[in-house]
Amino acid sequence: MKPSASSEPVSGRAGPALLVAQTSFLGDVVLTTPLLAELRTSLRPRRLAVLVRPEAAPLLAGHPAVDDVLIDDKRGRDRGLRGLARVARRLRRERFDLAVSPHRSLRTALLLTAARIPRRVGFRESRGALLYHTRVPRDRRRHDVERNLALLEPFGAPLPAAPRLHLAVDPGAAARAAALLPTGPEPLVGIAPGSVWATKRWTPTGFAAVAAALDAEGARCVLLGSSADAPLVEAIQAASGGRALALAGRTDVATLVAVIDRLSLLIANDSAPMHVACARGIPVVAVFCATTPALGYGPWGAGHTVIGAELACRPCARHGGQRCPRGTEDCMHLVEPAAVLAAARRALAARVRA
Ligand code: SF4
């Protein structure tokens with residue numbers, strides 16, 4: 001499904017024209033997908049559109065609950081107050097009846113208000129919460145999937161017993177992934193060493209040691225990331241002996257999803273690729289540095305492993321930060337490659353048995 005600004009209702013549905021606003025990071029969009037499915041089932045909206053950043057739009061293409069993906073380029077051409085007013089005008093023309101916002105920013109609350117959406121539901125802890133008509137408590141102790149699903153409560157909708165993430169693989173992207181990943185011996189292990197936040201990145205030497213060891217044991221390793229991660233990936237590739245395939249910057253978001261879909265295992269930080277792998281049912285070994293799964297962003301589902309250093313200072317920030325406030329970076333340096341490697345071996349062995 002292409003990003004769209006269509007205002008045409010989907011025929012045969014009697015419910016509200018619903019907008020879900022989630023303009024946070026890619027991983028947050030993945031963690032919103034169970035809410036989208038439940039809103040579709042419970043409210044039977046005549047139209048369900050999702051507002052996301054441009055880079056997140058491919059994640060929702062093919063989601064069966066979603067009719068349209070709308071764009072708020074809040075870091076680009078829609079940034080600032082003028083951009084907000086422009087997006088609000090676009091949304092106003094769409095004549096939504098209802099907005100549900102798992103995103104807690106002041107900008108989102110202002111945007112939905114300026115768009116004159118007559119019923120707005122958001123979290124009580126949102127900035128600008130007073131601009132929502134219905135404010136839902138957000139339980140910090142729950143996983144973010146469950147926190148998002150709490151937004152169903154004002155509608156009397158039952159919570160699903162086993163919520164599932166949903167990401168479709170685009171056929172074109174699958175073909176591009178196949179071309180990037182020439183056939184070779186199994187297992188195919190993905191390594192995603194990047195993160196937007198510096199204190200969430202495990203050490204390049206750690207990733208390189210794991211890649212070298214897995215390569216020596218017969219695995220094919222592929223290093224994943226955005227173009228911003230390319231220098232990091234190249235350094236890891238060189239340090240690991242040069243045999244890992246470096247794809248950082250060579251995959252758009254849809255192709256990254258398709259590449260991850262072909263993996264036997266993903267080794268990653270607390271980052272978007274980790275959530276993508278969970279959505280595609282790929283086992284994950286996740287290294288958590290400055291953050292912890294208790295913050296609600298751990299790998300969703302069964303069969304995943306989280307590794308982190310036992311430190312009193314963890315977590316030091318909800319998203320991690322760009323600098324270690326103590327200046328030690330212990331949460332990065334004290335994670336042993338041997339622990340990550342052992343978890344990877346266990347995950348691969350479990351996969352073979354399955
Ligand atoms: S304060 Fe602790 S958890 Fe935070 S970055 Fe530094 S070592 Fe890591």
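Both counts, for ligands and for their atoms, begin at 1 and track the order of listing.
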- Assess the side chains of Asp270 and Thr291: does a donor N or O sit below 3.5 Å from an acceptor N or O? yes
- salt bridge (charged side-chain N to carboxylate O under 4.0 Å, His left out) pairs touching residues 118-131, sequence neighbours excluded, are none
- Tell me yes or no: between the side chains of Thr255 and Arg176, is some donor less than 3.5 Å from an acceptor? yes
- Message: Any heavy-atom pair between the side chains of Leu43 and Leu18 that's under 4.5 Å?
- Response: yes
- Task: Could you grab the protein N, O or S atoms closer than 2.8 Å to atom 4 (Fe) of ligand 1 for me?
- Result: Cys316 SG
- Would a distance-only check, ignoring hydrogens and angles, find a side-chain to backbone donor-acceptor pair under 3.5 Å from Asp78 to Val87? no
- Task: Number the atoms of ligand 1 from 1 as they appear, then name those within less than 4.0 Å of a heavy atom of Thr328, with their elements.
- Result: 7 (S)
- Within a strict 4.5 Å, meaning less than it, do heavy atoms of the Glu186 and Ser264 side chains meet? yes
